[in-house]
Structures are given as structure tokens and as C-alpha cells.
> 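Below is a structure I'd like to ask you about.
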Amino acid sequence: MNTTFLFIGAGRMAESMIKGLQSAKGQNVSIIAANQGNKERLQHLFSMYAVETTTDWLHHVKESSVIVLAMPPEAHEAVLEQLSTVIEGQLVISVAAGIGLKKLEKPLPPGTPVAWVMPNTAAETGESISLYTYADTLNENQVKLLELLLNSIGKSEYCTEEQIHKLTAVTGSAPAFLYEFASALINAAAGYGISEAQARKLVSQMIYGSAVMLQSGVSPVDLRNAVTTPGGATAAGLDVLNQADFGMLIESAVKATNEKAAELGGKQENEEK
């Protein structure tokens with residue numbers, strides 16, 4: 001049986017999911033990509049993935065099993081209002097920050113199955129860690145379709161709605177913290193007479209290898225201790241980070257991210273009222 005995914009919004013995350021779904025083996029999936037005015041973006045998706053594209057998504061809702069809202073949070077209200085006039089029990093998934101299940105359910109007909117997914121930019125390489133939650137109105141097949149989408153872009157973890165609001169700072173925003181750290185290391189390495197390309201290779205492989213070891217299940221404390229000889233060179237570097245209270249700095253960055261996200265979410269709620 002063929003399953004049609006309708007993407008409303010054709011940005012980078014939508015493209016990552018389209019690419020992932022097309023790579024999923026043994027799946028009979030059709031994809032429609034839509035946005036309101038960026039025809040160049042739609043042409044790109046058609047050229048790259050041979051998917052059907054449209055600027056009039058309303059006429060494709062009835063033929064679709066899953067509607068993925070892949071547009072900014074502020075665009076959801078108007079789209080959901082339009083969607084409410086034509087939807088007939090299809091699964092609606094939002095991948096926008098700060099949305100949550102309640103904001104999806106409110107404008108849609110009672111009982112509409114909804115899910116909220118928070119992937120990260122590593123979805124582009126099929127390595128996202130996506131947080132997700134869904135309403136109890138999903139049937140067994142719809143849960144499988146949600147899992148198909150999640151698995152197509154990487155790994156996932158089920159959370160409560162409140163947990164997603166808090167943990168997005170770790171899975172969604174913290175890659176930017178890591179890239180800032182990587183940039184500093186690359187600059188430090190390049191300062192010792194190697195090219196930027198060489199420095200990037202050294203740092204990216206170091207991060208990749210360290211991540212693989214972390215995924216092995218060994219605690220980060222044990223991994224850190226395995227690298228660190230008391231009184232040695234690594235310990236001297238760690239002392240500098242500890243003096244700057246590196247751990248507290250990261251916690252403060254996560255807290256600031258959550259506070260700003262809550263503020264932006266509050267602004268959106270006030271606008272909706």
C-alpha cells in the first residue's frame with residue numbers, strides 16, 4: 001500500500017526528511033513538497049529527488065496519509081486554520097520549535113492525530129537525534145509512519161512534551177556550542193603552522209572518534225580519566241577549564257537557551273490570543 005507524505009514547507013529540514021524517506025528500504029512512499037511562493041526551492045527538490053511539488057497544498061491533503069508541518073513556528077497558526085477545513089483524520093506532524101501537541105490540537109478537529117518532532121541539523125546526514133512525542137489518538141499504523149520518518153533521519157528518543165521543551169537546548173541548540181568549541185580548537189591548531197584544512201581534519205576526526213567512544217556506553221568521566229594522567233599535560237589543560245568553571249558555563253548556556261525559547265514561545269502564545 002502506498003503512503004503519501006505531504007510536506008508543507010520546503011526548507012532544509014524538509015529536504016533532509018525527503019532524502020531520508022527516499023532512502024528507506026522496502027517502503028512504498030510518495031512525497032509531495034509544498035510552499036507558498038519559493039518556486040526555486042520547489043524546483044530544487046524536484047530536480048534532486050523527483051518529488052511532486054505544489055504551491056497549493058490544500059488540494060493534496062485528502063490524498064495524503066501524513067502531513068508534515070516543516071515551516072517556522074509563526075506560520076503554524078494560519079496553516080492549521082486552513083488545514084482544519086479539509087483534514088479527515090490524517091496524521092499531522094510538526095517539526096517546529098516551541099509548538100507542542102496542545103498548539104497543534106487546538107485549531108484542528110477533535111481527535112486529529114498529532115505528533116511533535118524536534119530533530120537537529122544532523123538530519124542532513126542521517127545522524128539526527130530527534131526528540132518526539134505524540135497524542136494518544138494515533139493508531140498503530142500512524143505510530144509506524146511516525147517511526148518511519150524518525151528512523152529515516154537518524155535516531156530518536158520518546159519524551160514528554162515538557163521534556164522536549166527543555167531538552168531541545170541539548171539536542172537542537174548544543175551542536176552550535178560544539179561547533180564553537182571546534183572552531184576554537186581549529187584556530188589553535190592552525191596557529192602551530194598547519195593549514196586550516198589540516199586543522200579541520202584533525203579536530204573533526206577527534207570529535208568523531210570521541211563521540212564513538214562515548215556511544216560505547218562508558219561514562220564520560222571514565223573516558224576523561226582514561227586520557228588524563230594526574231599532574232600531566234592533559235590535566236594542566238583541564239585545570240584551565242575547571243578554573244573557568246567550564247561545566248557551569250555549559251549549564252548556564254543551556255539555561256539561557258531554554259529561557260529564550262520560553263520567551264519566544266510566550267510571545268507566540270500572546271500573539272495567538
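Every heavy atom of this structure was used, including side-chain atoms; hydrogens, water molecules and symmetry mates were not. Quick caveat, the model's predicted, so the values are computed rather than measured.
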> With the 4.5 Å side-chain cut-off for hydrophobic clustering, are L178 and L131 part of the same group?
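No; L131 is not reachable from L178 via cluster members.
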> According to salt bridge (Lys or Arg N to Asp or Glu O under 4.0 Å), does anything in residues 107-125 pair up with another residue at least two apart or in another chain? List the pairs.
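Matches after skipping sequence neighbours: R12-E124.
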> At what distance, to the nearest 0.5 angstrom, does OG1 of T54 lie from CD1 of I8?
10.5 Å
> Would you check if the side chain of N35 reaches a backbone N or O of A10 as a donor-acceptor pair within less than 3.5 Å?
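Between the backbone of A10 and the side chain of N35 there is no qualifying donor-acceptor contact (under 3.5 Å).
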> Please answer: with hydrophobic residues joined when any side-chain heavy atoms are less than 4.5 Å apart, are I153 and V143 in the same cluster?
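Yes, it is one cluster - the side chains of I153 and V143 are joined through contacts under 4.5 Å.
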> Starting at CH2 of W116, measure out to OG of S130 and round the result to the nearest 0.5 Å.
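Spacing of CH2 (W116) from OG (S130) equals 12.5 Å.
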> P113 and G89: which non-hydrogen atoms are nearest, and at how many Å?
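Heavy-atom minimum between the residues: CG-O, 3.4 Å.
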> Where the side chain of S47 meets the backbone of Q43, is there a donor-acceptor pair that is under 3.5 Å apart?
yes
> Within the 3.5 Å criterion, strictly below it, is a donor on T228 or N225 matched to an acceptor on the partner's side chain?
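N225 and T228 do not have a side-chain donor-acceptor pair below 3.5 Å.
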> Report yes if the side chains of S23 and L21 come closer than 4.5 Å at any heavy-atom pair, otherwise no.
no
> Can you measure from CD1 (I207) to CG (L185) and round to the nearest 0.5 angstrom?
6.5 Å
> Does atom CE (M213) have a neighbourhood of more than 12 heavy atoms from anything else shown, all under 6.0 Å?
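Count not over threshold, so no.
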> Kindly give the heavy-atom pair with the smallest separation between Q198 and I194, and that separation in Å.
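Between these two residues, the closest heavy atoms are OE1-CB, 3.3 Å.
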> Would the distance check show the side chain of Q90 and the main-chain N or O of E88 forming a donor-acceptor pair, the cut-off being under 3.5 Å?
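The answer is yes, because a donor-acceptor pair under 3.5 Å joins these two groups.
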> Is the closest side-chain donor-acceptor distance between N2 and S30 under 3.5 Å?
yes
> Report yes if the side chains of V68 and L6 come closer than 4.5 Å at any heavy-atom pair, otherwise no.
no
> Any idea how Y49 and H44 line up, ring-wise: parallel (<30°), tilted (30 to 60°), or perpendicular (>60°)?
perpendicular
> Side chains of F7 and I31: does their closest heavy-atom pair fall under 4.5 Å?
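Sidechains of I31 and F7: in contact.
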> One pair to check against side-chain contact (heavy atoms from CB on, under 4.5 Å): Q22 and V29. What are the steps and the verdict?
CA-CA 7 Å; Q22 287 196 334; V29 170; over 6 Å; no
> Between A96 and P72, which heavy-atom pair has the shortest distance, and what is it?
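Residues A96 and P72, closest heavy atoms: CB-C, 4.5 Å.
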> What closest approach, in Å, do F177 and A169 show between heavy atoms, and which atom pair accounts for it?
CE1-O, 4.4 Å
> Is there a donor in the side chain of T160 and an acceptor in the side chain of Q163, or the other way round, less than 3.5 Å apart?
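Side chains of T160 and Q163: pair found under 3.5 Å.
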> So, Q82 side chain and V79 main chain: donor-acceptor pair closer than 3.5 Å or not?
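Checked: no pair found.
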> Considering non-hydrogen atoms only, spot the tightest contact between P107 and S84 and give its length.
O-CB, 3.2 Å
> If you apply the rule side-chain contact (heavy atoms from CB on, under 4.5 Å), what do you find for I99 with L104, and how did you get there?
CA-CA 7 Å; I99 292 299; L104 291 173; 3.8 Å; yes
> Does S183 offer a backbone N or O that forms a donor-acceptor pair with the side chain of N187 under 3.5 Å?
yes
> Starting from the C-alpha separation in whole Å, work towards a yes-or-no answer on side-chain contact (heavy atoms from CB on, under 4.5 Å) for I93 and I67.
CA-CA 6 Å; I93 302 173; I67 294 94; over 6 Å; no
> Does any part of the side chain of K103, heavy atoms only, come nearer than 4.5 Å to the side chain of S94, both counted from C-beta?
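No; the side chains remain at least 4.5 Å from each other.
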> Taking S219 for the side chain and D222 for the main chain, is one N or O donor matched with an acceptor at less than 3.5 Å?
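Answer holds: yes.
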> Determine, step by step, whether L146 and V117 satisfy the side-chain contact (heavy atoms from CB on, under 4.5 Å) criterion, reporting the C-alpha distance in whole Å, the side-chain angles of both residues, the deciding distance to 0.1 Å, and the verdict.
CA-CA 9 Å; L146 173 59; V117 174; 3.8 Å; yes
> Would you say I87 and L58 are hydrophobically clustered, going by side-chain heavy atoms of ILVMFWY under 4.5 Å?
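Both belong to a single hydrophobic cluster.
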> Do side-chain atoms of S128 reach the backbone of A122 as a donor and acceptor pair under 3.5 angstrom?
no
> Determine whether M17 and L149 make a side-chain contact, defined as any pair of heavy atoms from C-beta on separated by less than 4.5 Å.
yes
> Could you tell me whether K255 and E251 have a side-chain N and a carboxylate O separated by less than 4.0 Å?
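E251 and K255: not salt-bridged.
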> Is the side chain of S65 donor-acceptor paired with the backbone N or O of T3 at a distance under 3.5 Å, no angle test?
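Checking the backbone N and O of T3 against the side chain of S65, no donor-acceptor pair under 3.5 Å is found.
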> If the threshold is 4.0 Å, N to carboxylate O, is there a salt bridge linking E161 and K102?
yes
> Look only at the side chain of T168 and the backbone of H165, and say whether a donor-acceptor pair between them is shorter than 3.5 Å.
no
> Indicate the ring-plane relationship of F246 and F181, choosing parallel, tilted or perpendicular according to the 30° and 60° boundaries.
tilted
> Side chains of L167 and C159: closer than 4.5 Å at any heavy-atom pair?
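Answer yes - side chains close enough.
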> At what distance, to the nearest 0.5 angstrom, does CD of E140 lie from CG of L145?
11.0 Å
> Should E196 and R200 count as an ion pair when the cut-off is N to O under 4.0 Å?
yes
> Same cluster for M13 and I129 if Ile/Leu/Val/Met/Phe/Trp/Tyr side chains link at under 4.5 Å?
no
> With rounding to the nearest 0.5 angstrom, report the CZ to CD1 distance, F5 to I32.
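Atom-to-atom, F5:CZ and I32:CD1 are 12.0 Å apart.
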> T229 side chain to G232 main-chain N or O, any donor-acceptor pair under 3.5 Å?
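Such a contact is absent between T229 side chain and G232 backbone.
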> Test R41 against E15 for salt bridge (Lys or Arg N to Asp or Glu O under 4.0 Å), laying out the working first.
CA-CA 10 Å; R41 186 65 189 165; E15 181 173 0; 2.5 Å; yes
> Could you tell me whether the side chain of F46 reaches within less than 4.5 Å of the side chain of L42, counting heavy atoms only?
no
> Among the clusters formed by ILVMFWY side chains lying less than 4.5 Å apart, do V86 and M71 turn up in the same one?
yes
> Mind listing the closest non-hydrogen atom pair of A14 and A70 along with its distance?
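Closest heavy-atom pair between A14 and A70: CB-CB, 3.9 Å.
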> Do L108 and L80 make a side-chain contact, defined as non-hydrogen atoms from C-beta onward lying under 4.5 Å apart?
yes
> Between E63 and H60, do the side chains contain a donor N or O and an acceptor N or O under 3.5 Å apart?
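Their side chains do contain a donor-acceptor pair, which is all the 3.5 Å distance test asks for.
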> Drop me the distance from N151's CG to L148's CG, to the nearest 0.5 angstrom.
7.0 Å
